There are 2 protein chains.
Amino acid sequence: MAAVDLATHPGHLARRLQQAHYLLWNTMVSEEITSPQFAVLNALVAEPGLDQRTVGERVGLDRSTIAEVISRLGRRGLLDKVRDPQDGRRFLLRLTDEGLRTHRKLTVRTARMNQVFLAPLSAAEQSLFFELIRRVADAAEGLRNPAEPAVAPR
Amino acid sequence: MAAVDLATHPGHLARRLQQAHYLLWNTMVSEEITSPQFAVLNALVAEPGLDQRTVGERVGLDRSTIAEVISRLGRRGLLDKVRDPQDGRRFLLRLTDEGLRTHRKLTVRTARMNQVFLAPLSAAEQSLFFELIRRVADAAEGLRNPAEPAVAPR
DNA sequence: CTGAAATACTCAGTGCCCTGATTAATTTGT
DNA sequence: ACAAATTAATCAGGGCACTGAGTATTTCAG
């Protein structure tokens, strides 16, 4: 009687979008390497030698999740993990040759997949799609991490 | 050297959007009931007595996931599960009074949360947001379940 | 210089999400 | 009528995502 239309719920839409993406990734990109794993490889191509926490920040994964993802990539020999001699708390991460090769291969496939995924939208709509999602996601993240208060509370 | 900009990857955006939603849901709606759980409650308000598989279809969850979600809702006393006397394979699902109450309460909070979540967009942009995401998700699901071939292969 | 606070990482626990294999019940083809 | 195919649900297994608590190391305040 009081049921609601889930098609007007952004969270529901977001979940369906991600599921659809997951499926397409599996068939068009890789069954071994997932999209978050690719994001980590990509971050380490851009900035070799990052520590674990910073990689998580770059790709939007929390401390626990990034630890798991990195452990999997390490087990598969795609990256190396060494203690920072300057700061014994950190591990510095660097892709192996195999990791670099994998990233190169997947970059090509990912581009193809993105084209297929976004094919239902015109070029103008694709820009809008990115912009609207980015604005909503950024704003929600902002709610979580409020800017520094003007006067530090004591 | 060959790193890619993740902000142009719809899968990455979709994941960030869902994460942002997850956080906001947790703070504004409920720490007990998740968004997928609410979707199941909602489906059973709309159509009491559905079987498990059909609920999964309605809310977009696969057979394994829907089984887990329903088992959790059952443990919390929000729904009942009885074997279909007409078809011994099925379980028929129905909300308890407690389940109905919970759905009613969360419906209000969810509406508030959706407003906050979408606040960065104008009304026109919100419509566009829904439409673009829906089109992409629908198309990708269509790739997965291709329409019946004209001639059934044998 | 030393105790307190902050930081990087790990671990335990919960929940979502998918696939492939298995089990039980029903439907279908002959 | 009955074997074969289909269907609903379960189970095992892998991966993502978050929180709260714990450990080790570094930094900071007095």
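Order of the sequence lines sets the chain letters (A, B, ...), proteins ahead of strands, with each chain counted from 1. Not measured: the values here are computed from a predicted model.
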Could you label the plane-to-plane angle of the B:His21 and B:Phe117 rings as parallel, tilted or perpendicular, counting under 30° as parallel and over 60° as perpendicular?
-> perpendicular
Round to a whole Å and report the spacing from CZ of A:Arg53 to C1' of D:dT26.
-> 14 Å
Write down the distance between CD (A:Glu31) and C1' (D:dG13), rounded to a whole number of angstrom.
-> 15 Å
Show me, pair by pair, the donor-acceptor contacts under 3.5 angstrom made by side chains of residues 77-86 of chain A, not counting sequence neighbours?
from    : atom 1 : to      : atom 2 : distance (Å)
A:Arg83 : NH1    : A:Gly88 : O      : 2.5
A:Asp84 : OD1    : A:Gln86 : N      : 2.7

Using a heavy-atom cut-off of under 4.0 Å over every strand shown, decide if A:Thr65 touches base, sugar-phosphate, or nothing.
-> base
Looking at C:dT19, does its base get a donor-acceptor pair with the side chain of B:Ser64 below 3.5 Å?
-> yes
Protein-nucleotide distance (A:Leu92, atom CG; C:dA8, atom C1'), rounded to Å = 11 Å
Under 4.0 Å between any heavy atoms, over every strand shown, what does A:Arg63 touch: base, sugar-phosphate, or nothing? Just pick one.
-> base
B:Gln19 CD to C:dG15 C1', straight-line distance once rounded to whole Å | 15 Å
If you look at every strand shown and take non-hydrogen atoms under 4.0 Å, does B:Gln37 touch a base, only sugar-phosphate, or nothing?
-> sugar-phosphate
Sugar-phosphate, base or nothing in reach of B:Asn26, heavy atoms under 4.0 Å = nothing
Interface residues of residues 102-114 of chain B with DNA chain C (non-hydrogen, below 4.0 angstrom) | none
Rounded to whole angstrom units, what separation is found between the CD1 atom of B:Ile33 and the C1' atom of C:dT14?
-> 13 Å
Decide, yes or no, whether a salt bridge links A:Asp87 with A:Arg90 under the criterion of side-chain N to carboxylate O below 4.0 Å.
-> yes
More than 12 heavy atoms from other groups under 6.0 Å of CG on B:Asp97 | no
Closest non-hydrogen atom pair between A:Leu6 and B:Ala39, with its separation | CD1-CB, 3.8 Å
Residue B:Arg15, side-chain atoms from C-beta onward, closest of D:dA17, D:dA9, C:dT10 | D:dA17
At under 4.0 Å between heavy atoms, what does A:Arg76 touch on the DNA or RNA strands: base, sugar-phosphate, or nothing?
-> sugar-phosphate
N-O pairing of A:Glu98 and A:Arg101 below 4.0 Å | yes
Member of A:Thr110, A:Leu44, A:Leu41 meeting the side chain to side chain contact (heavy atoms under 4.5 Å, CB included) criterion with A:His103 | A:Leu41
Less than 4.0 Å between a side-chain N and a carboxylate O, is that true for B:Asp138 and A:Arg16?
-> yes
Answer yes or no: does atom CD of A:Gln115 have more than 12 heavy-atom neighbours from other residues, nucleotides or ligands under 6.0 Å?
-> no
Taking for A:Asp51 and for A:Glu68 the nucleotide of DNA chain C with the nearest heavy atom, the one nearer the 5' end belongs to A:Asp51
Test A:Val40 against every option in A:Ile33, A:Leu73, A:Leu95 by the side chain to side chain contact (heavy atoms under 4.5 Å, CB included) rule and name the one that passes.
-> A:Leu73
Let me know the distance between CG of A:Asp62 and P of D:dT19, rounded to the nearest Å.
-> 7 Å
Rounded distance in Å - CD (A:Gln18) to C1' (D:dG15) = 12 Å
Value in whole Å for how far the P atom of D:dC18 lies from CG of B:Leu24 = 14 Å
Which residues within residues 78-90 of chain B lie with some heavy atom under 4.0 Å of an atom in DNA chain D?
-> B:Lys81, B:Arg89, B:Arg90
